[in-house]
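These values consider heavy atoms only, across backbone and side chains, with no hydrogens, waters or symmetry-generated copies. Naming convention: chains lettered A, B, ... in sequence-line order (proteins, then strands); numbering from 1 in each chain.
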Protein chains: 2
Amino acid sequence: MPNNHFKKGELYSFITGKASTAIARRLQKKFNTAGLNLTIEQWSVLYHLWKEDGKSQQELCNSTFRDKPSITRLVDNLEKLKLVKRVSSAEDRRINKIYLTPEANTLQERTMHLAEETLNEALQSVPPAQIEVCKAVLQIVYDNLT
Amino acid sequence: MPNNHFKKGELYSFITGKASTAIARRLQKKFNTAGLNLTIEQWSVLYHLWKEDGKSQQELCNSTFRDKPSITRLVDNLEKLKLVKRVSSAEDRRINKIYLTPEANTLQERTMHLAEETLNEALQSVPPAQIEVCKAVLQIVYDNLT
DNA sequence: GGCATATAGTTAGATAAACAACTATATAAA
DNA sequence: TTTATATAGTTGTTTATCTAACTATATGCC
């Protein structure tokens, strides 16, 4: 069965992801207002380190769906902000393990709260069942393309 | 009724829009493979001009959800590629109207075909009814945040 | 041991996005 | 008519993405 369910006018916003862009912009504004000098992309790296500290850059590539140069530069900037520290692995000297600093840990609670707040604003008046459908569809889309 | 339906692990991918990123990357690869020297962002501007030629930069801002500096630079690059032309409006000299060149028009059919192909690949095995739900949810998200 | 190959990370160059500050033109109010 | 204000677009700065080319280390095979 064909899946030609996108008329031309709808195709655009699906491809360009205007919903996720809007969510990211709103969250960035909240960070700025709260005086947090942190980009969403930097936060997304911290997010995965809060789940498991000491990940390698390659593991961060996989978790965040970014390529290696992108992670190199995000880690560069996070190091400048003194939020993470590169530690060369003793077993395999090709590997950098990335560790959170105490400063980074003070950001976890505040930023996660703002992220949850943003999602609740975004999903206002959307029935829970539809949210589940949407999450499932977006996961299939991702799996279909990777 | 609260909308706290995102556990922490799911929150991330919704915010960062990994599905739309994957779609954009796939489409970009198709452009590159087809020898089209065109970014997805540039294509998104052409897309709106194909719907209505001669839009002002401000109108392109609204259509593409970008700010003015972004459109200024996208139009700069599209002009370098000789795909559009800025024409100062006679009635209001603050306004630039953006017109497609014949070269741009030769790209329409090919690129739209690749975009539809990409979406069909992305939505493989997703029931049409769920696609509709997903589109509706993403629209509400966008409206809630803008 | 020595060589091919794979993997981890970096660097360089181009394009793009967000924000702030700016120029130029148009409109409205005094 | 002059002055204030709003609108359209540009420029500069920082951060991020992608591709390609690169360095360094590890692994596997002869």
*Asks:* Whole angstroms only, please: what is the CG-P distance between L60(B) and dA8(D)?
*Replies:*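 Rounded to whole Å, this separation is 13 Å.
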
*Asks:* Is T72(B) near enough to dT11(D) that one of its side-chain N or O atoms lies under 4.0 angstrom from OP1 or OP2?
*Replies:*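 No.
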
*Asks:* Using side-chain heavy atoms (C-beta onward) and a distance below 4.5 Å, is V84(B) in contact with L46(B)?
*Replies:*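 Side-chain contact under 4.5 Å: yes.
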
*Asks:* Verify whether one side chain among N32(A) and Q28(A) offers a donor that lies under 3.5 Å from an acceptor in the other.
*Replies:*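 Checked: N32(A)/Q28(A) side chains pair up, N/O donor to acceptor below 3.5 Å.
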
*Asks:* Using side-chain heavy atoms (C-beta onward) and a distance below 4.5 Å, is L114(B) in contact with L36(B)?
*Replies:*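 Yes, side chains in contact.
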
*Asks:* Using OP1 and OP2 only, check whether a side-chain N or O of T39(A) sits under 4.0 Å from dA16(D).
*Replies:*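 Checking dA16(D) against T39(A), a side-chain N or O does come within under 4.0 Å of OP1 or OP2.
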
*Asks:* Q42(B) has a side chain; which of dT15(D), dA16(C), dA18(C) sits nearest to it?
*Replies:*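 Nucleotide nearest to Q42(B)'s side chain: dA16(C).
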
*Asks:* For atom CZ of R110(A), decide whether the heavy atoms of other residues, nucleotides or ligands shown that lie under 6.0 angstrom number more than 12.
*Replies:*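 No, CZ of R110(A) has 12 or fewer neighbouring heavy atoms, counting only those of other groups under 6.0 Å.
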
*Asks:* What nucleic acid atoms does D67(B) come within less than 4.0 Å of, heavy atoms only: base, sugar-phosphate, or nothing?
*Replies:*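 Base: the residue D67(B), judged by heavy atoms under 4.0 Å, touches a nucleobase.
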
*Asks:* Could you tell me how far apart F31(B) (CZ) and dA16(C) (C1') are, to the nearest whole angstrom?
*Replies:*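 Going from F31(B) (CZ) to dA16(C) (C1'), I get 16 Å.
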
*Asks:* With respect to the phosphate group of dT10(C), does any side-chain polar atom (N or O) of N96(A) fall under 4.0 Å of OP1 or OP2?
*Replies:*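 Affirmative; the distance criterion is met.
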
*Asks:* Give one of base, sugar-phosphate or nothing for N77(B), where a contact means two heavy atoms less than 4.0 Å apart.
*Replies:*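 Result for N77(B) = sugar-phosphate.
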
*Asks:* Look at R86(A) and dT10(C) and indicate whether a side-chain polar atom (N or O) is within less than 4.0 Å of OP1 or OP2.
*Replies:*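 Yes, such a contact exists.
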
*Asks:* Judged by each residue's nearest nucleotide on DNA chain C, which is more toward the 5′ side, K68(A) or Q28(A)?
*Replies:*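 Of the two residues, K68(A) wins.
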
*Asks:* Choosing from dA17(C), dG9(C), dC18(D), which nucleotide comes nearest the side chain of S56(A)?
*Replies:*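 It is dG9(C).
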
*Asks:* So does R94(A) reach the base of dT7(C) with its side chain, donor to acceptor, closer than 3.5 Å?
*Replies:*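 Looking at the base of dT7(C), it does pair with a donor or acceptor on the side chain of R94(A) (distance under 3.5 Å).
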
*Asks:* At 4.0 Å (heavy atoms only), tell me whether I71(B) reaches a base, stays on the sugar-phosphate, or touches nothing.
*Replies:*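 The residue I71(B) makes no contact with any strand.
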
*Asks:* Could you tell me whether the phosphate oxygens of dT10(C), OP1 or OP2, come under 4.0 Å of any side-chain nitrogen or oxygen in Q57(A)?
*Replies:*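 The answer is yes; a side-chain N or O of Q57(A) sits under 4.0 Å from OP1 or OP2.
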
*Asks:* Among dA16(C), dG13(C), dA8(C), which nucleotide sits nearest the side chain of R73(A)?
*Replies:*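 The answer is dG13(C).
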
*Asks:* Looking only at N and O atoms, is any donor in the side chain of R66(B) or the base of dG9(D) less than 3.5 Å from an acceptor on the other one?
*Replies:*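 By the distance-only test, no, there is no pair.
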
*Asks:* Heavy-atom nearest nucleotide on DNA chain D for E91(A) versus P69(A): which residue maps closer to 5'?
*Replies:*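 Nearer the 5' end of the strand: P69(A).
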
*Asks:* Where do K97(B) and D92(B) land on the salt bridge (Lys or Arg N to Asp or Glu O under 4.0 Å) test, with the steps shown first?
*Replies:* CA-CA 10 Å; K97(B) 302 211 165 191; D92(B) 186 337; over 6 Å; no

